[in-house]
Number of protein chains: 2
Amino acid sequence: MARPESNGGSRAATLSDVARLAGVSLATASKAINGRDQVAATTRQRVIEAAESLAFTPNALARSLTAGRTGTVGLLTSDLEGRFVIPILMGAEDAFGAGQINVFLCDARGDAIREQHHLKALLNRRVDGIIVVGRQTDPRPSLGHDLPVPVVYAYAPSDDDTDVSVTPDNVTGGRLAAEHLIATGRRRIAHISGDPAYAAAQDRTVGVQAALAGAGLELVGDVLYSEWSEHWGRDASALLLASHPDVDGIVCGSDQIARGVLDTLRDLGKRVPEDVAVIGYDNWEVLATNSRPELTSIDANLKQLGRAAAMRIFDAIDGIEPDTGVHHLPVRLVIRGSTIPRR
Amino acid sequence: MARPESNGGSRAATLSDVARLAGVSLATASKAINGRDQVAATTRQRVIEAAESLAFTPNALARSLTAGRTGTVGLLTSDLEGRFVIPILMGAEDAFGAGQINVFLCDARGDAIREQHHLKALLNRRVDGIIVVGRQTDPRPSLGHDLPVPVVYAYAPSDDDTDVSVTPDNVTGGRLAAEHLIATGRRRIAHISGDPAYAAAQDRTVGVQAALAGAGLELVGDVLYSEWSEHWGRDASALLLASHPDVDGIVCGSDQIARGVLDTLRDLGKRVPEDVAVIGYDNWEVLATNSRPELTSIDANLKQLGRAAAMRIFDAIDGIEPDTGVHHLPVRLVIRGSTIPRR
DNA sequence: CTGTTAGCGCCTTCAG
DNA sequence: CTGAAGGCGCTAACAG
């Protein structure tokens with residue numbers, strides 16, 4: 001392991017070390033290193049060589065102190081465990097990385113106290129902006145408006161409409177799912193979803209209903225709500241098929257539920273997609289591409305959501321006034337074998 | 001959204017603002033705020049009130065500049081997508097959070113160039129230490145020894161034995177899995193694993209073989225290697241049962257594979273665990289607790305691994321010499337219905 | 001107990 | 001084109 005002492009016992013080289021070695025003043029060294037033009041080419045060369053021979057690394061802290069901006073952003077998540085949080089992180093980290101900004105990761109683990117604690121730490125560190133990533137699409141409490149930096153809420157929108165939030169368009173997602181089943185000729189469509197307390201469940205149902213209404217159809221049976229699990233998918237579909245054996249399409253509230261549905265249909269001897277088409281939600285690849293048949297699903301483009309949040313922070317840092325409110329970002333349909341038979 | 005301007009156009013309050021308002025000197029204000037004892041109680045009270053009324057936040061950058069340490073650590077991951085990386089991040093973030101250290105998250109996305117880039121950025125920001133998290137347990141190139149900060153490698157150990165690495169003990173994991181099947185009375189045990197190019201696959205196999213040898217048993221058939229997928233689990237187990245219909249226990253290289261195995265066994269009319277016991281690996285809860293029956297598995301304690309890495313960084317920062325080399329951290333058996341019938 | 005004085009490492013005027 | 005001086009916000013000696 002590299003240890004501080006392994007560096008010869010000397011602390012990191014500083015700009016004045018470089019200046020001294022190059023035989024110039026501190027100011028000149030600074031200009032040379034930072035590519036300012038008021039310095040002779042030969043001098044610059046000499047400085048750069050000196051810097052290299054000392055393994056000089058500019059101290060970003062000192063730089064930030066005067067610059068007023070640190071080139072860092074806080075990523076405040078409510079729960080890293082959440083499967084939806086990770087792709088958003090990735091998208092944001094990616095977008096910032098390209099812009100030379102580094103990201104502080106803070107996991108509040110669903111605890112408001114811890115969140116306040118982390119928020120304070122981020123402000124102490126003078127981050128240039130904060131992205132708050134929630135685990136559900138239900139609105140969450142705003143951090144408030146008396147913060148000295150721009151804040152964007154991702155996935156879980158702020159409950160304050162004068163904040164800036166980005167979240168997936170679940171209503172459209174539900175609509176796309178149902179419309180796809182209708183487009184493949186299904187007419188007796190049911191909907192099995194997860195925990196009805198989630199806005200995601202309600203929003204998707206709204207979309208499904210809208211699509212059916214648009215096609216002059218009605219949902220087969222009531223929406224079946226319970227939890228976001230494979231087990232529930234198995235049970236719910238057994239229930240559904242018992243009362244409505246003629247169902248020919250099932251919109252599922254999640255891929256996990258859809259996996260359970262596929263299981264039960266197989267047990268009951270129903271062919272997918274010939275007898276019943278099944279569509280999931282989330283496009284969780286591990287589940288969707290390993291089922292038999294592979295699962296058509298709705299992808300919320302979460303990486304892009306993360307990127308979008310990052311872009312809005314960028315803009316805000318640059319002084320561009322953001323349009324406040326909740327922005328519903330587009331989702332997309334990913335078609336696989338559970339709705340369209342393979343040829 | 002909170003914007004800098006929303007703060008009344010004034011920049012953040014500084015310590016001298018506080019001092020002025022409280023009618024004391026800068027140094028006294030500093031002492032009062034930081035709980036030093038050489039300050040009168042009444043004075044301290046006055047300063048604290050002034051600070052509050054100005055919403056003063058100490059500037060961590062300025063503080064770090066003199067302190068020599070920043071209270072930040074870099075988390076350099078090779079691939080955030082990797083399922084194993086996240087729990088390690090969580091464990092590390094958690095451990096650091098408790099110690100008031102903040103974490104820079106950098107995703108190199110498997111690219112060595114990007115990794116160097118991020119490394120440089122972390123050093124510019126004067127992190128106090130770096131944890132390098134890999135996506136596989138195969139050794140990875142060392143970052144080298146000429147770094148001014150301690151480095152710990154997690155999951156993917158460094159290929160340099162004088163570095164400090166923590167990684168799960170896959171050999172013991174394989175052994176625990178096989179021993180458990182043996183303990184439940186199985187004698188005709190097979191092993192279906194993933195990509196043989198992974199050290200994880202090889203190590204687990206070694207453990208399985210050792211357990212069998214210890215019980216005077218031999219593996220049924222050859223180890224079946226291909227990929228870490230449910231599909232492969234289905235295919236491999238079909239193959240296995242065709243040539244060895246008398247198998248009564250299957251150690252799987254991952255939970256995904258095990259899920260596929262369960263599928264095929266059900267198709268073939270084999271009861272689990274009565275006819276064949278199945279054990280997975282990774283204890284990926286979403287998969288393990290949603291199968292029929294639920295899946296016994298080996299848990300690598302990844303959160304703890306992340307915590308362990310953090311602890312070693314803590315120690316190194318405190319000047320404690322770490323013991324170099326690869327540390328294999330304990331794994332644990334999680335028993336569910338796929339190996340022990342429910343009563 | 002309180003205040004004054006130096007810096008930490010860097011960048012940015014402003015003279016030379 | 002180069003150098004000297006001031007300051008970013010804070011803390012750690014020292015004096016008083």
Side-chain angles (χ1 to χ4, degrees), chain A residues 4 7 10-48 50-51 54-72 121 123-128 148, chain B residues 4 7 10-48 50-51 54-72 121 123-128 148:
Chain A
N7 203 10
S10 62
R11 79 253 174 297
T14 169
L15 189 57
S16 41
D17 296 335
V18 176
R20 198 176 320 121
L21 181 61
V24 298
S25 81
L26 215 155
T28 307
S30 169
K31 288 168 195 157
I33 298 254
N34 294 314
R36 303 335 209 92
D37 50 357
Q38 322 115 314
V39 54
T42 59
T43 313
R44 159 164 305 142
Q45 191 53 34
R46 201 147 33 91
V47 171
I48 288 178
L54 290 174
F56 168 74
T57 1
N59 186 325
L61 281 84
R63 196 173 273 186
S64 306
L65 195 54
T66 31
R69 38 189 303 295
T70 55
T72 62
L123 295 178
N124 286 348
R125 296 201 184 283
R126 296 296 188 266
V127 293
D128 296 333
Chain B
N7 205 8
S10 61
R11 80 252 173 298
T14 170
L15 189 56
S16 39
D17 295 335
V18 175
R20 198 175 320 118
L21 181 60
V24 299
S25 81
L26 219 160
T28 306
S30 170
K31 288 168 196 157
I33 298 254
N34 294 315
R36 304 333 208 91
D37 49 357
Q38 320 116 316
V39 55
T42 59
T43 313
R44 158 163 305 139
Q45 192 53 34
R46 202 147 32 94
V47 171
I48 289 179
L54 291 174
F56 168 74
T57 2
N59 186 325
L61 282 86
R63 197 175 269 185
S64 306
L65 196 55
T66 29
R69 37 188 302 294
T70 54
T72 62
L123 294 178
N124 285 350
R125 295 201 186 283
R126 296 295 189 267
V127 292
D128 296 333

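Just so we're on the same page: letters track the sequence lines, and every chain starts at 1.
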Please report the interatomic distance CG(B:Leu61) to OG1(A:Thr72), rounded to the nearest 0.5 Å. 7.5 Å
N/O donor-acceptor pair under 3.5 Å between [X] side chain and [Y] backbone:
| X | Y | value |
| --- | --- | --- |
| A:Arg46 | A:Ala22 | yes |
| A:Asp17 | A:Ala13 | no |
| B:Arg44 | B:Ala29 | no |
| A:Thr70 | A:Ser64 | no |

Taken in chain and number order and not counting sequence neighbours, the residues that satisfy side chain to side chain contact (heavy atoms under 4.5 Å, CB included) with B:Ala55 are none
Toward the 5' end of DNA chain C, which comes first, B:Ala41 or B:Arg126, by nearest nucleotide? B:Ala41
For A:Phe56 and for B:Asp37, find the nucleotide of DNA chain C with the closest heavy atom, then tell me which residue's nucleotide is more 5'. B:Asp37
Does the side chain of A:Val47 come within less than 4.5 Å of A:Val24's, by heavy atoms? yes
State, yes or no, whether a side-chain contact exists between B:Pro58 and B:Leu15 at a heavy-atom distance under 4.5 Å. no
Going by number, which of residues 20-35 of chain B have a non-hydrogen atom under 4.0 Å from DNA chain C? B:Val24, B:Ser25, B:Ala27, B:Thr28, B:Lys31
So what does B:Arg36 touch, heavy atoms closer than 4.0 Å: a base, only the sugar-phosphate, or nothing? sugar-phosphate
Which parts of residues 58-70 of chain A get close to DNA chain D, meaning a heavy atom less than 4.0 angstrom away? A:Leu65, A:Thr66
Calculate the interatomic distance between B:Leu15 atom CG and D:dC8 atom C1'; express it in whole Å. 13 Å
Does a nitrogen or oxygen in the side chain of B:Thr43 sit under 4.0 Å from OP1 or OP2 of C:dT2? yes
